[in-house]
Amino acid sequence: MEISALADGVLSGDRRALARAITLVESTRTEHRTQAADLLERLAGSGRESIRIGLSGTPGVGKSTFIESFGLMLAEQGLRVAVLAVDPSSARTGGSILGDKTRMEYLSRHPKAFIRPSPSQTHLGGVARRTREAVALCEAAGFDVVLIETVGVGQSETVVAELSDVFLLLLAPAGGDELQGVKRGIMEVADIIIVNKADGDLKATATRTCADYAGALRLLRRRPQDPDGFPKAMTVSALEQSGLDKAWSDISELITWRRETGHWQGRRAAQARHWFHEEIRQTLLARLQTPPARNLANKLSHDVETGQTTATKAAAALIATLWPEMTRDAATESLDLTQDTT
Ligand SMILES: Nc1nc2c(ncn2[C@@H]2O[C@H](COP(=O)(O)OP(=O)(O)O)[C@@H](O)[C@H]2O)c(=O)[nH]1
Ligand SMILES: [Mg+2]
């Protein structure tokens with residue numbers, strides 16, 4: 001495969017080239033990894049920036065329906081819209097809890113839209129990198145908006161929040177006074193909480209649920225990256241396509257403010273730093289899984305189990321053997337991977 005031709009194809013916005021490029025970054029084969037790194041480096045200077053919108057929520061809350069309606073609305077306004085999915089279940093089981101996203105039948109046929117289903121098989125731990133690189137490809141291809149869908153379970157929403165400029169949490173109307181068991185951590189990264197299905201019989205419940213969450217958001221610590229009124233809660237109906245224009249104008253307001261105050265670039269810089277450290281971590285962990293490292297680890301593990309050495313000594317011996325240039329002290333000083341520096 002000719003990488004420079006592929007890069008040109010992506011830059012010209014050719015959707016088939018983009019699809020092929022994403023397939024390349026999804027591959028775990030060594031020669032593909034090298035080509036993908038080459039491709040991404042060529043595209044890094046494109047200077048193009050999409051609005052990256054992360055969207056999380058439990059299965060059935062209406063994420064796909066929302067993306068279809070919202071994406072269509074944007075596409076009808078002339079914006080180019082890309083949709084990516086982060087599905088943590090496919091990494092483990094090959095199954096999907098995001099559902100069959102090809103159901104976005106109108107959006108997928110729109111000439112301004114590009115929809116990428118989540119891959120059926122992915123290396124665990126490779127999910128973040130694959131998505132990050134797919135987002136970068138969509139940016140280089142000149143998409144105005146990239147929508148990233150994920151399920152509100154496990155770690156995937158944290159990954160998506162680190163990949164987004166704006167993070168939306170989609171909720172369903174719920175009776176009772178329970179806050180639907182939404183984890184505090186997710187509430188804290190949400191920019192807008194969207195209560196979907198505010199239609200028909202569910203409308204009144206949706207309004208109440210929205211008020212509950214608006215109250216809960218007010219109790220959270222104020223974040224420097226928010227103008228007055230954010231984070232906020234609102235209702236929409238993805239099915240009846242109501243409230244979507246309001247969602248877009250709120251997102252636009254937030255983005256404009258963040259751009260003017262430097263928070264947009266600040267967040268992107270912090271994310272780049274985060275992914276740099278994450279990449280180091282993943283690369284080192286992958287190296288530890290190679291046969292020579294694993295064999296040595298197994299041997300040392302046995303020595304630790306039988307009391308012939310200590311865990312600390314054995315770990316230091318392993319590192320010193322694998323990376324002889326790193327003395328133990330130098331390793332602790334310059335590359336403390338146990339700490340999140342972001
Ligand atoms: N009443 C109503 N139903 C909706 C709405 N949005 C989605 N649904 C329904 O909720 C179900 C799950 O939607 P889907 O988009 O697949 O949810 P996802 O699993 O979060 O992607 C489907 O039966 C949709 O028709 C809405 O705004 N109102
Ligand atoms: Mg879905």
Side-chain angles (χ1 to χ4, degrees), residues 53-75 81-110 113-120 122 127 131 134 145-161 163-164 166-175 180-183 186-187 190 192-211 213 233-248 250-251:
I53 302 176
L55 181 75
S56 179
T58 49
V61 69
K63 294 180 296 298
S64 300
T65 312
F66 177 86
I67 288 176
E68 162 110 309
S69 298
F70 190 70
L72 262 179
M73 179 188 76
L74 299 181
V81 180
V83 179
L84 301 171
V86 180
D87 192 340
S89 63
S90 63
R92 274 169 230 138
T93 62
S96 171
I97 44 177
L98 280 173
D100 182 13
K101 64 189 310 302
T102 51
R103 270 191 303 143
M104 293 175 202
E105 52 177 318
Y106 296 104
L107 187 59
S108 60
R109 287 204 298 264
H110 199 287
F114 172 86
I115 298 184
R116 181 68 179 197
S118 52
S120 54
T122 331
V127 176
T131 312
V145 177
V146 181
L147 291 160
I148 314 159
E149 176 184 0
T150 195
V151 185
V153 294
Q155 299 259 286
S156 65
E157 67 269 51
T158 319
V159 169
V160 169
L163 285 168
S164 328
V166 175
F167 188 72
L168 310 178
L169 178 62
L170 215 60
L171 296 172
Q180 294 180 42
V182 176
K183 281 173 277 167
I186 307 173
M187 288 274 288
I192 304 179
I193 286 181
I194 297 180
V195 182
N196 188 33
K197 309 194 183 184
D199 49 48
D201 291 347
L202 291 168
K203 192 159 185 173
T205 318
T207 307
R208 259 198 322 275
T209 304
C210 180
Y213 278 94
M234 63 186 304
T235 58
V236 304
S237 167
L239 206 59
E240 295 184 350
Q241 287 146 42
S242 62
L244 302 178
D245 45 354
K246 175 78 169 88
W248 178 236
D250 282 350
I251 290 169

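We number each residue from 1, following the sequence as shown. Read the numbers this way: they start at 1 and go in the same order the structure lists the ligands and their atoms. Being a predicted model, the structure only gives us computed values, none of them experimental.
Formation of a donor-acceptor pair under 3.5 Å by the Thr65 side chain with backbone atoms of Ala238 is not found in this model. Side chain of Lys197 to backbone of Ala172: no donor-acceptor contact under 3.5 angstrom is found. The backbone N or O of Val86 lies less than 3.5 Å from a partner atom in the side chain of Thr150, making a donor-acceptor pair.
Of all the atoms in ligand 1, the ones that sit under 4.0 Å from a non-hydrogen atom of Lys63 are 15 (O), 17 (O), 18 (P), 19 (O), 20 (O), 21 (O).
When only interatomic distances are considered, the shortest N/O to N/O separation between Gly62 and ligand 1 falls below 3.5 Å. Ligand 1 has no N or O atom lying under 3.5 Å from any N or O atom of Pro59, backbone or side chain. In terms of polar-atom proximity, defined here as any N/O pair under 3.5 Å, Lys197 does make such a contact with ligand 1. Between Ala198 and ligand 1, no N or O atom pair is found at a separation short of 3.5 Å.
Within the 4.5 Å cutoff, side-chain heavy atoms of Leu168 are placed close to those of Phe66.
For the Mg ion (ligand 2), the N/O/S atoms of Ser64 include one lying under 2.8 Å.
Distances shorter than 4.0 angstrom occur between a heavy atom of Gly60 and an atom of ligand 1.
For atom 1 (N) of ligand 1, the choice among Leu55, Asp199, Ile67, Thr58 with the nearest heavy atom turns out to be Asp199. Looking at Val151, Val236, Thr65, it is Thr65 that brings a heavy atom closest to atom 14 (P) of ligand 1.
At a 4.0 Å heavy-atom cut-off, ligand 1 touches Glu149 through the side chain alone.
Every residue two or more places apart in sequence or in another chain that forms a side chain to side chain contact (heavy atoms under 4.5 Å, CB included) with Val159 is listed here: Ala128, Leu163, Trp275.
Summarising the geometry, atom CD1 belonging to Ile148 is positioned 7.5 Å from atom OG1 belonging to Thr131; distances are rounded to the nearest 0.5 Å.
Note on residues 235-248: pairs passing salt bridge (Lys or Arg N to Asp or Glu O under 4.0 Å), not counting sequence neighbours, are Lys246-Asp250.
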